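Following: one structure in structure tokens, then a few remarks.
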Amino acid sequence: MNGAAKGAIVGGALLAMLGGAGYGVYALVGDTGGEDGSRSTSAGGPAAPAKGSGPVSDKDAAQTAKAFFAAWSAGDERAGADLTNNPAEAQGALGDFRNKAYVSKVAITPGAQTGTTVAYSVAAEVTYEGVTKPLAYESKLTVVRGNTTGLPLVDWQPSVLHPQLQKGEKLRGGAPASPPVKAVDRSGKELTAETYPSLRPVLDSLRKTYGEKLGGKGGVELWIEPAVQGAPRRSLLTLVEGTPGRIETVLDADVQAAAEKAVLKFPQASVVAVQPSTGDVLAIADHRGDGFPASISGGRAPGSTMKIVTAAMLLDRGLVSADKVAECPPEVSWEGRTFKNLKGFQLENETFATSFAQSCNTAFIKQIKPVHDIDALPKEALEVFGIGVEWKVGVPTVDGKVPPATGPAAAAAYIGQGQIQMNPLTMASITATARTGVFRQPVVVEASTDGRQLAKASRRMKPAVAAQLVRMMKLTATDGTARGAMSTVGGSDKGAKTGSAEVDGAQNPDSWFTGFSGDVAAAAFVEGGGHGADAAGPIVAAVLNAG
């Protein structure tokens with residue numbers, strides 16, 4: 001049976017203008033094929049605007065979107081593709097939408113328009129071998145001026161077809177190779193993508209890795225085929241349930257629920273919680289439109305949260321002491337570059353602990369010359385915090401990076417800028433190591449499940465260093481930059497560090513925050529969120545309270 005037959009695509013098109021405000025609703029039953037390259041859509045749909053010059057007007061954008069929706073919903077991929085600035089790619093994707101994702105019906109309802117960007121909702125049905133299930137989602141498109149044609153055209157992006165599609169990815173339906181898994185938390189509670197949306201990529205990874213090993217039997221689904229070979233598929237819709245294999249994780253459903261709720265307060269937000277005494281990952285949550293698990297797979301400069309590692313290195317070498325005075329001028333220069341404190345503040349005759357708690361950049365950078373070793377920070381990160389050793393968490397992750405640096409880049413590294421790369425998972429692990437003085441590689445699935453060898457650090461943190469580091473983080477939580485966010489966390493056994501990371505071209509810095517309370521450590525990141533305590537801080541506080 002061929003793909004079209006399996007998809008239950010019947011002949012003949014019905015394009016219905018169903019009234020309502022704006023453009024109306026465009027609906028399809030069946031299949032059509034365009035026969036010419038004209039600018040009007042099939043089945044008597046609306047015509048797109050003619051060629052012009054200069055910026056696209058809102059009116060032309062509306063008309064182009066209107067024509068594109070009509071062609072798409074009529075199943076006329078050629079006409080729809082001709083209304084985009086990448087006809088070849090668009091025609092293939094629109095064709096696959098019907099023939100390989102098995103979409104048998106689609107209705108598109110336009111929404112709000114902002115300039116040349118038009119939002120819309122899609123209500124579709126997916127049919128495979130006689131089984132039909134609804135599929136609904138929202139997305140948006142932007143209309144641009146064609147470089148060579150001068151026509152207003154839809155700027156073709158994979159997300160036009162589905163908001164979770166990224167470059168090189170495809171919608172596919174049928175019986176996937178990997179059987180489903182039933183993932184449960186540390187107490188045996190089931191973890192589903194419907195209840196915990198952030199876990200969708202994690203669950204997809206668990207399925208790819210463990211599905212066949214656990215004896216599951218496949219069903220029928222709609223999924224996103226990844227652009228990178230070997231990456232896990234992302235399931236979007238289940239048409240026929242398979243028989244899942246059971247996989248036990250160390251996640252905590254209650255902490256996960258709190259993390260899911262906390263990240264919703266900010267766009268582009270991510271958080272991870274880790275148990276310092278074991279390395280168990282308790283929660284992974286992301287609030288992003290693209291479905292990317294930035295919490296465990298991202299890489300951004302962590303700002304002043306990196307001062308945890310820098311402080312450990314300086315304490316380890318005896319260059320500073322929590323109770324000794326550390327110079328904190330308003331600014332300091334290193335090899336031609338000037339570094340400043342926030343709003344140019346300075347501290348006079350204050351201890352290094354206070355400089356840490358108030359996040360004084362200059363107190364750290366002034367120590368570069370006494371250290372006189374470009375590998376000092378990378379060595380501390382690797383040997384004590386396990387950053388740079390390959391982690392085997394049970395799901396794919398991206399490890400932190402602390403490369404050697406010289407010149408101004410070395411000074412930037414001391415305060416978490418430059419080439420330093422972290423994500424909430426690696427920062428939560430750093431905080432967990434600071435909390436206990438011992439690196440325990442984070443895991444989502446116990447190593448005994450499949451015999452994985454976990455990463456180890458080559459040495460423990462010196463007890464005196466660990467004690468001072470914890471004391472400084474506690475001071476930050478009670479009397480430093482983290483005071484506001486951590487005031488909502490109960491108990492006295494708590495510590496934290498804030499961070500703001502400047503990003504080239506960005507209007508606002510990234511917001512970072514990491515902290516611990518009892519036997520829970522958490523780190524959060526909000527892209528463009530501003531100062532650490534403003535956006536990432538409340539997320540971490542909410543997760544710590546749940547833990």
Side-chain angles (χ1 to χ4, degrees), residues 100-101 126 128 133 135 137 158-159 161-185 189-251 253 256 259-260 263 270-272 281 283-298 391-398 423-425 442-445 449-450 452:
K100 294 185 179 181
V126 180
Y128 187 87
K133 286 290 182 70
L135 173 70
Y137 56 89
S159 59
L161 202 63
H162 191 283
Q164 290 191 32
L165 279 174
Q166 301 175 41
K167 186 174 178 60
E169 295 183 333
K170 297 177 174 63
L171 282 180
R172 291 292 184 263
S178 299
V181 296
K182 177 182 178 180
V184 298
D185 82 336
K189 186 174 181 178
E190 186 173 3
L191 302 168
T192 67
E194 290 71 29
T195 304
Y196 310 99
S198 291
L199 289 181
R200 184 178 296 278
V202 173
L203 297 174
D204 289 339
S205 296
L206 291 173
R207 173 179 180 166
K208 181 180 185 299
T209 304
Y210 299 102
E212 292 186 12
K213 298 176 183 177
L214 298 172
K217 182 180 179 181
V220 177
E221 300 179 11
L222 175 72
W223 68 84
I224 292 177
E225 190 74 25
V228 179
Q229 187 175 4
R233 295 170 169 177
R234 306 202 300 279
S235 179
L236 293 176
L237 178 70
T238 299
L239 281 77
V240 177
E241 295 283 353
T243 302
R246 179 186 170 94
I247 179 71
E248 296 180 356
T249 76
V250 297
L251 296 166
Q256 181 66 35
E260 297 272 359
V263 294
S270 302
V271 67
V272 171
V281 177
I284 299 169
D286 294 277
H287 179 214
R288 299 174 61 90
D290 57 10
F292 177 64
S295 55
I296 59 177
S297 297
W391 293 6
K392 297 180 180 179
V393 179
V395 296
T397 61
V398 171
N423 54 46
L425 172 64
V443 295
V444 170
V445 178
T449 303
D450 53 0
R452 299 187 324 277

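From a predicted model like this one, the values you see are computed outputs, not experimental measurements.
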Taking side chain as C-beta onward, heavy atoms only, is [X] less than 4.5 Å from [Y]?
X    : Y    : value
Q164 : L236 : yes
K182 : E190 : yes
L199 : L251 : yes
T209 : V395 : no
T449 : Y210 : yes
V443 : R452 : yes
T397 : V444 : no

State the [atom1]-[atom2] distance between [X] and [Y], to the nearest 0.5 angstrom.
X    : Y    : atom1 : atom2 : value
L135 : H162 : CG    : NE2   : 5.5 Å
L161 : Y137 : CG    : OH    : 5.5 Å
N423 : S297 : CG    : OG    : 7.5 Å

Please name the pair of heavy atoms, one in [X] and one in [Y], separated by the smallest distance, quoted to 0.1 Å.
X    : Y    : answer
A294 : P424 : O-CD, 3.8 Å
A101 : V126 : O-CG1, 3.4 Å
L191 : A253 : CD2-CB, 4.2 Å
L203 : A183 : CD2-CB, 3.5 Å
E260 : A285 : N-CB, 3.9 Å
P201 : G291 : CG-O, 4.1 Å

Donor-acceptor under 3.5 Å ([X] side chain, [Y] main chain):
X    : Y    : result
R207 : P179 : yes
T238 : E221 : no
K208 : R233 : no
R200 : S235 : yes

CD/E241: more than 12 non-hydrogen atoms of other groups inside 6.0 Å
no
N/O donor-acceptor pairs under 3.5 Å from side chains in residues 168-177, not counting sequence neighbours:
residue : atom : partner : partner atom : Å
E169    : OE1  : Q166    : N            : 2.8
E169    : OE1  : R234    : NH2          : 3.0
E169    : OE2  : R234    : NH1          : 2.8
R172    : NH1  : D96     : OD2          : 3.3
R172    : NH2  : D96     : OD2          : 3.4

Compute whether any side-chain donor of one residue and acceptor of the other, for S270 and D286, lie under 3.5 angstrom apart.
yes
May I ask you to say whether E225 pairs ionically with K100, meaning some side-chain N is under 4.0 Å from a carboxylate O?
no
Apply the side chain to side chain contact (heavy atoms under 4.5 Å, CB included) test between W391 and each candidate in L425, V398, I296; give the one that qualifies.
L425
